[in-house]
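Right, one structure below, let's go through it.
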Amino acid sequence: MKWYRKLHWQILTALVVGILFGILAVTFGWSGFAKNWISPFGTVFINLLKFVAVPLVLTSLIIGVASLSDLKRLSSMGGKTIGIYLGTTAVAITIGLLVVNVIKPGKQVPQSMRDQLMADYRGEADTRSSAAETVKQRGPLEPFIEAVPDNFFGAAADNRNMLQMVFAAILIGVAVIQVPREKTKPFIDVVDALMDIVIRLVELIMLAAPIGVFALITDAITTLARDNPGQVFDLLRGLGVYFLAVVAGLLLHVIVVYSGMVRFFTPFKLRRYIAAVGPAQLLAFSTSSSGATLPVTMEQCKRKLGVSEEAASFVLPLGATINMDGTALYQAVAAVFIAQTYSMDLNLAQQLTIVTTALLASIGTAAVPGAGIVMLVIILQAVEVPAEGIALILGVDRPLDMLRTAVNVTGDTVVTSVVARSEGQLNPPADAFA
Ligand code: ASP
């Protein structure tokens with residue numbers, strides 16, 4: 001196949017063109033044009049992806065569970081999945097803490113820069129803090145209550161209720177197994193046909209991916225620069241080292257943990273693996289939302305890596321909601337960075353508190369743009385660092401959100417491949433090793 005027909009190259013090209021166009025737009029003052037005439041294409045593209053997410057999870061999980069001969073497999077897969085998700089997230093936080101303690105980016109921010117950032121972003125920081133306050137009022141078992149829907153259509157009506165959808169689909173699938181086959185056959189046939197239709201829809205939507213990605217990246221750049229390219233340089237002057245610390249942590253996690261897991265626990269060569277999940281990573285980067293990327297993550301894992309229907313439709317939606325290694329790592333770096341700018345030295349006990357709260361916070365972070373920084377407020381409060389400190393990092397949060405979301409999605413695919421393989425649920429297509 002010619003290289004330019006491959007999806008990941010098309011998306012990558014769109015990304016580069018979007019970056020170049022975004023820089024031109026900021027330089028020549030076309031940001032208004034870009035907002036009115038280009039950004040909407042990005043929004044439409046994300047809406048389309050969200051549109052297929054619930055039907056895709058529902059149909060493929062019902063079919064996956066209904067085709068199980070043995071329900072024990074579901075619980076063994078569930079145990080492994082949650083264990084590995086939590087384990088990799090804890091490692092990610094530790095890497096983040098190591099990096100930020102070695103680089104000490106907070107010591108490099110000049111006082112004048114700090115005051116200016118605090119003044120510029122105070123309003124936005126207050127909005128995020130009050131959002132965090134609402135989250136904090138919830139009891140410890142609230143996430144458990146929230147995972148169980150009280151109304152099927154209520155659960156299906158909001159993409160943020162993905163865990164409810166997973167729960168409903170498993171419940172329906174289990175009931176289907178227990179009703180005689182001759183009765184359930186028509187139902188299974190309908191759901192099966194629906195699933196094929198939704199998969200075709202995902203393929204059709206992905207034809208528009210290059211346009212969507214171009215629009216999203218242009219929008220991200222013009223929003224970041226706010227029509228004033230000088231502002232980006234100012235931000236980088238103050239926050240460049242912090243930015244690099246997060247990027248270094250994310251890279252370390254991907255190179256050491258994920259590459260190691262792919263190499264030792266899956267049959268894939270790294271290059272083939274990246275080509276297979278590349279479209280999902282690029283889309284995560286462009287949309288900053290693991291939730292919106294989910295349909296593509298599922299399709300790539302099934303078609304290119306050969307993950308079974310059952311494993312992909314169970315492990316991936318769960319991952320999109322609770323497994324956020326990139327977010328957790330970023331939260332650890334950001335919390336210590338803010339403490340450093342306040343000249344607060346966090347002791348070992350406080351750093352351990354960051355590990356536990358960041359683990360819980362990343363689980364509770366919604367799979368949407370900018371959710372990570374809201375949960376960061378809760379971590380800051382746990383270690384008694386002033387929450388208004390998030391004003392310092394808001395200016396560069398969007399590009400970091402893009403990067404951490406790409407890492408979140410990569411983590412989901414790696415754990416899915418490992419769990420699927422260990423459960424005999426991985427049948428790679430012949431070209432997966434080419
Ligand atoms: N945007 C991230 C995601 O969807 C969450 C975050 O803000 O860290 O995975």
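First listed ligand is number 1; within each ligand, the first listed atom is number 1. Residue numbers start at 1 and run along the sequence shown.
- The distance from ligand 1 to the heavy atoms of S289 drops below 4.0 Å at these ligand atoms: 4 (O).
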Handout entry: Trace of the side-chain contact (heavy atoms from CB on, under 4.5 Å) decision for I274 with Q281
Key = CA-CA 9 Å; I274 296 171; Q281 292 171 314; 4.2 Å; yes
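- Less than 4.0 angstrom separates some heavy atom of A367 from each of these atoms of ligand 1: 4 (O).
- Between G291 and ligand 1, no N or O atom pair is found at a separation short of 3.5 Å.
- Of the possible polar contacts, one joining the K104 side chain to the N101 backbone as a donor-acceptor pair under 3.5 Å is found.
- Nearest heavy-atom pair across F268 and P428 is CE2-CB, 3.7 Å.
- Shown in contact with S288 at under 4.0 Å from a heavy atom are these atoms of ligand 1, numbered in order with element: 1 (N), 4 (O).
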Exercise for the section: Would you sort out whether T405 and D401 count as a side chain to side chain donor-acceptor pair (under 3.5 Å), showing the intermediate values? Expected result: CA-CA 6 Å; T405 309; D401 193 3; 3.2 Å; yes
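- When hydrogens are left out, the protein atom nearest atom 9 (O) of ligand 1 is S290 OG, 2.3 Å; that is the closest non-hydrogen contact.
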Problem - Verdict with supporting geometry, M206 and L7, side-chain contact (heavy atoms from CB on, under 4.5 Å) - result: CA-CA 8 Å; M206 283 310 280; L7 188 58; 3.7 Å; yes
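- The proximity of V368 to ligand 1, defined as any non-hydrogen pair under 4.0 Å, is limited to the backbone.
- Considering backbone and side-chain N/O atoms, T365 never comes within less than 3.5 Å of an N/O atom of ligand 1.
- Residue contact check: G370 has heavy atoms under 4.0 Å from atoms 7 (O) of ligand 1.
- Two residues are said to be in side-chain contact when any heavy atoms from C-beta on lie closer than 4.5 Å; M195 and I199 meet this criterion.
- The protein atom (non-hydrogen) at minimum distance from atom 2 (C) of ligand 1 is T405 OG1, 3.3 Å.
- Within ligand 1, the atoms closer than 4.0 Å to a non-hydrogen atom of T327 are 5 (C), 6 (C), 8 (O), numbered from 1 in the order shown.
- Using bins of under 30°, 30° to 60° and over 60° for the plane-to-plane angle, the ring pair H253/Y258 lands in the perpendicular bin.
- Residue contacts with ligand 1: A366 is placed with no nitrogen or oxygen under 3.5 Å of a nitrogen or oxygen of the ligand (distance criterion only).
- Atom numbering of ligand 1 starts at 1 in the shown order; those under 4.0 Å from a heavy atom of G372 are 6 (C), 7 (O), 8 (O).
- One N or O on the side chain of S39 and one on the backbone of A34 form a donor-acceptor pair closer than 3.5 Å.
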